[in-house]
2 protein chains.
Amino acid sequence: MLKFVVSKSEIEKKISIASSSIGSRTVDPILQCLLFKPVSGHINIHATDLQTSVVSQVRIGEYEGNEAFAVDAELIDDIVRNLSEDEVIFEYANGKLLVKSGKAKYNISTVSDVERFPIIDVDEGGVKFSVDTSILEEMLDRVSFCASSESAMRALNGVYWEVHGGFLRLVASDGYRLALAEQKLEIENEFDFIIGLKSVKELEKLLSSTTEPTINIIYDHSIISFNAGDVTMTVRTVEETFPDYKRVLPKAFKTRVVLNIDDFSEALKRVMIISKRGNEKVQLKITDDVMELSSQSPDFGEAVESIPITKDGEDLIVNFNPKFLNEAVKHIDEKELEFNFVDNISPLQVNPRNVEGYMYIVLPVRA
Amino acid sequence: MLKFVVSKSEIEKKISIASSSIGSRTVDPILQCLLFKPVSGHINIHATDLQTSVVSQVRIGEYEGNEAFAVDAELIDDIVRNLSEDEVIFEYANGKLLVKSGKAKYNISTVSDVERFPIIDVDEGGVKFSVDTSILEEMLDRVSFCASSESAMRALNGVYWEVHGGFLRLVASDGYRLALAEQKLEIENEFDFIIGLKSVKELEKLLSSTTEPTINIIYDHSIISFNAGDVTMTVRTVEETFPDYKRVLPKAFKTRVVLNIDDFSEALKRVMIISKRGNEKVQLKITDDVMELSSQSPDFGEAVESIPITKDGEDLIVNFNPKFLNEAVKHIDEKELEFNFVDNISPLQVNPRNVEGYMYIVLPVRA
């Protein structure tokens with residue numbers, strides 16, 4: 001038996017946070033469930049896809065009984081979200097869960113073998129460090145879009161975390177482009193790990209939904225936990241070696257362009273109307289104070305646009321996949337960008353002007 | 001040759017209105033195009049799926065040349081929508097269309113055999129009548145959701161228009177339910193026709209986007225035109241006979257219930273959480289001043305909810321497909337509803353309380 005009374009807004013929020021870690025193609029029905037478990041004065045809601053596990057702690061007044069139960073996550077989410085009164089009574093007994101609120105009454109089935117519910121725990125003795133929530137959120141936003149979701153190289157299907165020399169560095173790459181963000185950290189240990197893309201997306205959701213200013217992280221080799229107040233996410237790392245990304249960072253630039261990010265992304269958006277109907281290619285033609293963007297489609301025609309720039313170094317004509325440029329500028333929240341070119345076959349480095357700690361690398365395509 | 005200058009907002013709006021009548025599964029490439037045709041001082045944009053045709057008249061200062069051209073609708077819509085300057089220059093010559101605005105320049109392909117573009121015209125000598133835009137919009141909203149989209153009876157795949165005895169009556173049914181809306185009209189002629197569901201949806205878009213207070217309609221047997229200022233939609237009717245709907249309208253009610261529409265739709269929404277995971281059935285149990293709504297699912301459990309009602313006549317237990325009740329209440333914008341029952345196997349009539357001219361009929365399901 002387990003009985004508790006909770007406010008709709010509290011339980012709705014906590015169910016929603018936990019539910020985000022449930023996989024969409026789950027075979028085992030218990031993995032479609034949320035586990036409600038009373039623990040020393042409160043109720044924990046657990047969810048997992050075996051790779052990531054989320055525990056959200058529900059604030060309640062008091063509870064009777066101490067039996068855990070597991071119930072279909074979508075069903076309980078649907079029920080709670082649609083209630084109209086603020087007070088909700090949960091009453092679990094004999095395998096049935098009664099949910100009552102106002103005149104609404106649900107008598108729903110629960111999973112019988114609740115002790116089978118898998119729980120991933122981190123060793124509290126692992127390395128502890130903290131990052132500002134907003135900083136971690138920005139760093140992940142700037143790199144995670146470059147991660148592959150289906151590379152044969154499993155190491156690329158996630159974000160690489162490198163704690164080294166007093167810095168946290170996040171790197172992601174799909175083999176055609178790479179993004180890198182770094183931040184000073186108060187930590188002496190040195191270690192690195194890869195978190196899979198699905199776990200990264202859940203972590204991003206957690207970061208955007210929490211009001212906690214700091215994320216407390218525990219590293220214990222193959223398991224990492226992220227705590228934000230009453231929500232804890234625990235992740236199994238991807239046990240692979242990340243490629244040596246430092247080798248692809250370009251050096252000795254021959255052309256440096258400074259441009260306004262809005263000018264560039266507006267112009268790019270317009271030439272992409274043709275390129276997406278054609279060969280998925282945009283040509284950048286860089287002369288003294290103008291960058292001309294153009295694209296062709298054999299069936300639909302062509303587009304040309306130009307924007308003002310400031311240039312140091314040589315003139316250059318170079319082609320890119322416009323999607324890779326577009327995604328890059330979408331994730332930079334600055335006014336001015338630097339484009340650093342070596343030549344028309346070497347990787348281009350894009351970074352916000354006068355901002356340290358972030359760079360984006362992208363390979364040109366053949367004309 | 002054809003050249004004109006137009007404001008972005010004007011051309012964007014007119015392209016968008018015309019584009020709505022383009023079919024999604026068109027085989028003939030010319031049907032994916034918009035035809036731009038100069039006509040006595042302005043440019044008309046035509047689009048058609050052979051069933052419905054839309055002509056929107058573009059307001060421009062002046063134009064040079066008088067050649068028509070046809071261009072891919074999605075492409076030109078995409079181009080115009082993404083321009084950032086207000087002035088747009090269209091310049092058609094030698095099969096190529098040049099679109100220029102600010103520093104953006106597109107040189108795009110057009111269709112060669114432009115005279116093949118199909119135009120549906122109504123005979124201006126047909127029967128003319130007018131309906132207030134807002135009234136016609138409400139009438140269509142109240143009935144069109146009942147039309148079938150895939151019935152073997154082609155007459156049901158649309159909305160039936162009956163002009164009779166000084167009234168316009170719209171009726172739609174999918175065989176399980178029926179909606180009827182009527183309105184007094186200043187007209188002596190009597191005639192009826194069916195408009196297919198896709199054309200009805202385009203007409204609904206036209207009604208919601210126009211600022212014209214009145215729709216001018218011309219009926220010419222197999223062709224109907226709807227004019228709203230600078231946009232005209234012309235439709236081929238469905239040449240079938242609509243079933244005699246008057247036979248299914250229930251009479252001699254034994255139970256009449258008055259209820260608050262928000263109470264009912266909130267309660268229904270909550271029991272549907274179970275019914276949609278079960279047998280798609282909701283039971284209404286009507287006693288003196290309470291209606292109890294309940295549903296069961298063998299896998300997930302059950303839901304019960306009750307709402308206050310005012311009842312005349314006999315107690316009743318009756319089952320419905322909850323989706324059919326839910327869709328009905330969503331299309332009624334009134335505070336109180338009347339449910340008029342004969343018994344638990346005859347059609348239920350739902351209508352707004354104290355509002356004339358609208359009713360919804362739905363068949364119960366077996367317990």
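Labels below follow one simple rule: chain letters A, B, ... track the order of the sequence lines, proteins then strands, and each chain is numbered from 1. Just so you know, these numbers use all the heavy atoms, side chains as well, and skip hydrogens, waters and symmetry mates. Since we're looking at a predicted model, the values are computed, not measured.
Note that NZ of B:K105 is 10.5 Å distant from OG of A:S294, once rounded to the nearest 0.5 Å. Taking CG of A:D72 as the reference point, atom CZ of B:F300 lies at 4.5 Å (rounded to 0.5 Å). The CG atom of B:L75 lies 8.0 Å from the OG atom of A:S297; values are rounded to the nearest 0.5 Å.
No more than 12 heavy atoms of other residues, nucleotides or ligands shown are found within 6.0 angstrom of NZ on B:K285. Counting heavy atoms of neighbouring residues, nucleotides and ligands inside a 6.0 Å radius, atom NZ of B:K37 does not exceed 12 of them. No more than 12 heavy atoms of other residues, nucleotides or ligands lie within 6.0 Å of NZ in B:K335, so this atom counts as exposed by the packing criterion. Counting non-hydrogen atoms of other residues, nucleotides and ligands closer than 6.0 Å to CG of A:D333 gives a total of 12 or fewer. In B:N94, the CG atom is not crowded: 12 or fewer heavy atoms of neighbouring residues, nucleotides or ligands sit closer than 6.0 Å. The neighbour count for A:D315 CG, taken as heavy atoms of other residues, nucleotides or ligands under 6.0 Å away, is above 12. More than 12 heavy atoms of other residues, nucleotides or ligands lie within 6.0 Å of NZ in B:K269, so this atom counts as buried by the packing criterion.
Within the 4.5 angstrom heavy-atom criterion, no atom of A:K100 approaches chain B. No part of A:V71 comes within reach of chain B, as not one of its non-hydrogen atoms sits under 4.5 angstrom from that chain. Both the backbone and the side chain of A:R270 come within contact range of chain B, judged by heavy atoms closer than 4.5 Å. Neither the backbone nor the side chain of B:L293 comes within contact range of chain A; no heavy atom of the residue lies under 4.5 Å from a heavy atom of that chain. If you measure heavy-atom distances from B:N107 to chain A, the contacts under 4.5 Å come from both the backbone and the side chain. Using a 4.5 Å cut-off between heavy atoms, A:D78 touches chain B through backbone and side chain atoms alike.
Among B:K103, B:E74, B:E266, B:R81, the residue with the largest count of heavy-atom pairs under 4.5 Å with chain A is B:K103. Here B:A104 is the residue among B:A267, B:A104, B:G102 with the most heavy-atom pairs under 4.5 Å with chain A.
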Take B:E302 and A:I108 through the test side-chain contact (heavy atoms from CB on, under 4.5 Å) and record every step on the way to the result.
-> CA-CA 6 Å; B:E302 59 188 36; A:I108 61 177; over 6 Å; no
Does the side-chain contact (heavy atoms from CB on, under 4.5 Å) test come out yes or no for B:I273 and A:Y106, once each step is laid out?
-> CA-CA 10 Å; B:I273 293 171; A:Y106 293 90; 3.7 Å; yes
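The minimum heavy-atom distance between A:G301 and B:S109, with the atom names listed, is N-OG, 3.9 Å.
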